[in-house]
2 protein chains.
Amino acid sequence: MPYPVRVSETTRAMRADAARTVRTILEAAERVLSRNPAASMEQIAEAAGVARTTVHRRFASREALVDAMAAWATRRFAEAVDSANPDTTPPLVALYQVTASVLRVKLDWGFAMSLALSSDPEVARVHADVRERCDRLFSRAQATGVLRADVDPGWARQVYYALIHEAAQSRDGDPDALAARVVDTLLRGVGTGQGL
Amino acid sequence: MPYPVRVSETTRAMRADAARTVRTILEAAERVLSRNPAASMEQIAEAAGVARTTVHRRFASREALVDAMAAWATRRFAEAVDSANPDTTPPLVALYQVTASVLRVKLDWGFAMSLALSSDPEVARVHADVRERCDRLFSRAQATGVLRADVDPGWARQVYYALIHEAAQSRDGDPDALAARVVDTLLRGVGTGQGL
DNA sequence: AGAACTTGCAACAATGATGATGCAAGTAGA
DNA sequence: TCTACTTGCATCATCATTGTTGCAAGTTCT
């Protein structure tokens, strides 16, 4: 028989214990899949301390689980970007704040955040939206003279994303220190400027 | 019956047509797996224009195929690094040449080159070896004043690898142009230096 | 030409992952 | 307390993938 509430179908009210289980599963899935994207539902269930059937009762399919992860992380991602007010704060400040803010999310939801091209169009929309805000920020940074004018904006964004990714991988310090390192490297590189 | 020659087992002389088939399969596997690392043997065989059984006759298992890809790409990787003489050429020149050289390989064997931690210890050894040569190069670059002294060498390498990866993904230009962009970004970043 | 090798095809076994369900025991909430 | 919900367990069906094999037809190389 179809189970009363399935996360992948509706978002109706849920009993507290069920909601807790869902969160536990999502967190376990992040932990497991970030280490091995091909891990089985069994491994995820085990990491969550839950029977495999429980996972299937909460998520209609593996795809539904992954979609839910993407949706969850994407919401936190969007909140993180919003909280830094990248459209109004001065570019350089915004750059630091967005970076630190996003890193805080990415440290916990690295795998889920990599699911930019989800089957859920809402997720894809948010990612595209963030990308645009990033480009606008870079535009303003260029106008302010923070960013070089001769740099391809697409390349700059790509490098920025990659640096955030690497910083999150390294986990070498708190989010603020990592953000400082990312922005410093993004803007100044690692060279002295001698011999160029 | 066990098949006469299996790439995963020996490297005995092979009939010309068989050698061609092996190459075709390796190239197809790279193409398919770089798009979808979870692709089936069937999909790889199809991309190679070959029956699935032929793939299994040449590679005892999926793992053996992947290992062969890693071994093949690793050899080309090592050759690429060697050809740039990173230990003797002046650091800045070496940086450009290594980058361009590695990019040429990575454009064709991106997936296979990502298999640094292969079950084949020889592959892991070569990757570790290259990493050390990279560190030595950066050391020399720091001594020459090309690289800033206050930058963590580990972070510099990580950024360098990431930039090469991004450049290879973008495929925006020939290897030399990409290398120039990578080195420029690595050393100078994308900022003007104003406001820092 | 002849031996050895290679390939595609068809068929098969083995395996592991996915997803569903009925049931009993336990828990949340009114 | 009573009801509805939730979970674990055992079980089942289905499915896709992997890996093997025999055979016939074609190719390489000598």
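Because only heavy atoms are used, hydrogens play no part in the values below, and waters and symmetry mates are left out as well, while side chains stay in. Keep in mind it's a predicted model, so treat the numbers as computed, not measured. Naming convention: chains lettered A, B, ... in sequence-line order (proteins, then strands); numbering from 1 in each chain.
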- Task: Using a strict cut-off of less than 4.0 Å between a Lys/Arg side-chain nitrogen and an Asp/Glu carboxylate oxygen, indicate whether B:Glu27 and B:Arg23 qualify as a salt bridge.
- Result: yes
- Note on the structure: Computed from five pairs at either end and rounded to 10 degrees, the angle between the axes of the helix from C:dA1-D:dT30 to C:dA30-D:dT1 is 50°
- Can you tell me the distance, in whole Å, between the CZ atom of A:Phe59 and the P atom of D:dT7? 11 Å
- B:Ser83 side chain to B:Ala80 backbone, donor-acceptor under 3.5 Å: yes
- Query: Rounded to whole angstrom units, what separation is found between the CD1 atom of A:Ile44 and the P atom of C:dA17?
  - Reply: 12 Å
What are the atom names and distances for every N/O pair under 3.5 Å that joins the protein to nucleotides 14-19 of chain D?
unit_1: D:dT18; atom_1: OP1; unit_2: B:Arg62; atom_2: NH1; d: 2.7
unit_1: D:dT18; atom_1: OP2; unit_2: B:Met41; atom_2: N; d: 2.9
unit_1: D:dG19; atom_1: OP2; unit_2: B:Arg62; atom_2: N; d: 2.8
unit_1: D:dG19; atom_1: N7; unit_2: B:Arg52; atom_2: NH1; d: 2.9
unit_1: D:dG19; atom_1: O6; unit_2: B:Arg52; atom_2: NH2; d: 3.0

- Message: Between B:Val50 and B:Thr24, is the side-chain contact (heavy atoms from CB on, under 4.5 Å) condition met? List the steps.
- Response: CA-CA 9 Å; B:Val50 142; B:Thr24 304; 5.5 Å; no
- Task: Please determine if A:Arg148 and B:Asp184 form a salt bridge, counting it only when a charged side-chain N lies under 4.0 Å from a carboxylate O.
- Result: yes
- Message: Going by the rule side chain to side chain donor-acceptor pair (under 3.5 Å), which residues pair with A:Trp72 if we only count those two or more places apart in sequence or in a different chain?
- Response: none
- Message: Taking the basic N atoms (NZ, or NE/NH1/NH2) and the acidic carboxylate oxygens, is any pair closer than 4.0 Å for B:Arg125 and B:Asp120?
- Response: no
Distances under 3.5 Å only, N/O to N/O: pair up the protein atoms with those of nucleotides 23-27 of chain D.
unit_1: D:dT27; atom_1: O2; unit_2: B:Arg15; atom_2: NH2; d: 3.0

- Determine whether the side chains of A:Ser34 and A:Trp109 contain a donor N or O and an acceptor N or O closer than 3.5 Å. no
- Test side chain to side chain donor-acceptor pair (under 3.5 Å) applied to A:Ser139 - qualifying residues, sequence neighbours left out: none
- Query: Any ion pair linking B:Glu79 and B:Arg76 (charged N to carboxylate O, less than 4.0 Å)?
  - Reply: no
- Item | Listed once per pair and sorted, the salt bridge (Lys or Arg N to Asp or Glu O under 4.0 Å) pairs that draw on residues 81-98 of chain B, sequence neighbours left out | B:Asp82-B:Arg133, B:Asp87-B:Arg133, B:Asp87-B:Arg136
- Query: Any ion pair linking B:Arg181 and B:Asp176 (charged N to carboxylate O, less than 4.0 Å)?
  - Reply: no
- Message: Rounded to whole Å, please give me the gap between CZ in A:Arg20 and P in C:dA28.
- Response: 7 Å
- Does A:Thr53 have a side-chain nitrogen or oxygen under 4.0 Å from the phosphate oxygens OP1 or OP2 of D:dT7? no
- Under 4.0 angstrom between B:Thr54 side-chain N/O and C:dG8 OP1 or OP2: yes
